[in-house]
Enquirer: 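Before we start, here is the structure in question, set down as structure tokens.
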There are 2 protein chains.
Amino acid sequence: MNKLTGDVKGKRVAMVCGVPMDVENCPVRDVMDNIGGKWNSLMILSLADGPLRFSGLRRLIPDISQRMLTQTLRDLQRDGYISRTVFPTQPPSVEYALTDLGRSLLELLKHFVDWSLANHAAIRTARDTYDGAP
Amino acid sequence: MNKLTGDVKGKRVAMVCGVPMDVENCPVRDVMDNIGGKWNSLMILSLADGPLRFSGLRRLIPDISQRMLTQTLRDLQRDGYISRTVFPTQPPSVEYALTDLGRSLLELLKHFVDWSLANHAAIRTARDTYDGAP
DNA sequence: AGAGCAACTCTCAAAAAGAGACCTACAATC
DNA sequence: GATTGTAGGTCTCTTTTTGAGAGTTGCTCT
């Protein structure tokens, strides 16, 4: 019997790092989907230094389409990572900022940034080796 | 002038957390693409307790297609996170295991698992609030 | 002899992402 | 006073990714 499986409510289910990886309703997958999206974590990192407006974010991440920018912001807002505030100027301006939850996640993401910088060279080397050997 | 931009080799570029977010050749994006894929980090977590074979991984992550399993394993192998060892049994069996680099990343991912468990309730609440207010 | 496993690959359909046009309303420029 | 620009989007169309599932090769077990 595999130590990597367990029972949750009578249902046989995979366990990863002690967490039941039930396909639906798995906390880890839920969060991973958020940080896992192509733009999501980049967006949170971009708001690290303070609130930004729609067009400010576009300038900061020049290769995101408006469509994906809108959608990513909505997704992150929905899950409580960022807030959206409309100021009644003419034309209205909309400011996006990290919430407490978002700042909490940001702390984790910063470790990733550090790790990336420290290990980038090793990854590039591995990749070149792999690609070089047909 | 925005503190969020800087110059890299004479090219104006966005800065995030002090890191130049040059669209190509950005270390952070490079790593984020790896942990960011839908299955990538789940795969690394799945190998946390020891090496597994192709079919073992399928059982552990029942909702991944064979196609994506193959591709995810190749990607992670290419970037040096996992190793692939073929044993000359009949039929040959193939074992996937974390490398040192993979185990190093795993330590970071474990923090995510912890964070997910701690904050999952808050995310669900935020989501329900957002969805409940049309 | 027939079924099953292991580790894939291949094809086709569905879903997600990207490109880019379009929209409303105001402000500044020529 | 006509054009151009900005802000914060939406809409449509095309391309790229994913997913579902059948097929493959060779051996083993019943």
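A, B, ... follow the sequence lines: proteins, then strands. Residue 1 opens every chain. What's counted below: heavy atoms across the whole structure, side chains too, no hydrogens, waters or symmetry copies. Worth saying up front: this structure is predicted, and the values here are computed from it rather than measured.
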Enquirer: Write down the distance between CG (Leu73(B)) and P (dA7(C)), rounded to a whole number of angstrom.
Expert: 11 Å
Enquirer: Give a yes/no answer on whether the side chain of Arg59(A) brings an N or O atom under 4.0 Å of OP1 or OP2 in dG8(D).
Expert: no
Enquirer: With a non-hydrogen cut-off below 4.0 angstrom, is Tyr96(A) in contact with a base, only sugar-phosphate, or nothing?
Expert: sugar-phosphate
Enquirer: Using a cut-off of strictly less than 4.0 Å, decide whether Ser65(A) has a side-chain nitrogen or oxygen near OP1 or OP2 of dA19(C).
Expert: no
Enquirer: Do side-chain atoms of Asn40(B) reach the backbone of Asn34(B) as a donor and acceptor pair under 3.5 angstrom?
Expert: yes
Enquirer: Taking only the side-chain nitrogens and oxygens of Lys38(A), find out if one of them lies under 4.0 Å from OP1 or OP2 of dA16(C).
Expert: no
Enquirer: Between Arg103(A) and Leu98(A) (side chain of the first, backbone of the second, donor and acceptor by atom type, cut-off under 3.5 Å), is there such a pair?
Expert: yes
Enquirer: For Thr99(A) and Gly80(A), indicate whether the former's side chain and the latter's backbone hold a donor-acceptor pair under 3.5 Å.
Expert: yes
Enquirer: Can you tell me which nucleotide in dC8(C), dA7(C), dG9(D) comes closest to the side chain of Arg53(B)?
Expert: dA7(C)
Enquirer: Out of dG18(C), dG8(D), dA7(C), which nucleotide sits closest to the side chain of Val94(A)?
Expert: dG8(D)
Enquirer: When you measure from the side chain of Thr70(B), which nucleotide among dC8(C), dA7(C), dA7(D) comes out closest?
Expert: dC8(C)
Enquirer: Can you check whether Trp39(A) has a side-chain N or O nearer than 4.0 Å to OP1 or OP2 of dG18(C)?
Expert: yes
Enquirer: Return the nearest nucleotide to the side chain of Phe54(B); candidates are dT9(C), dA7(C), dG8(D).
Expert: dA7(C)
Enquirer: In terms of the nearest nucleotide of DNA chain C, which residue is placed more toward the 5' end: Arg67(B) or Arg58(B)?
Expert: Arg58(B)
Enquirer: With the side chain of Gln66(A) defined as its heavy atoms from C-beta on, choose the nearest nucleotide among dA17(C), dA6(C), dG9(D).
Expert: dG9(D)
Enquirer: For the side chain of Gln71(B), starting at C-beta, report the closest nucleotide among dA7(D), dG18(C), dT18(D).
Expert: dT18(D)
Enquirer: Apply the test salt bridge (Lys or Arg N to Asp or Glu O under 4.0 Å) to residues Arg127(A) and Asp30(B): give CA-CA distance (whole Å), side-chain angles for both, the deciding distance (0.1 Å), then the verdict.
Expert: CA-CA 11 Å; Arg127(A) 200 178 290 171; Asp30(B) 226 357; 3.1 Å; yes
Enquirer: Just verifying a value: how many Å separate Asp100(A) CG and Leu105(A) CG, rounded to the nearest 0.5 Å?
Expert: 12.5 Å
Enquirer: Grab the CE-P distance between Met68(A) and dA15(C) for me, whole Å please.
Expert: 16 Å
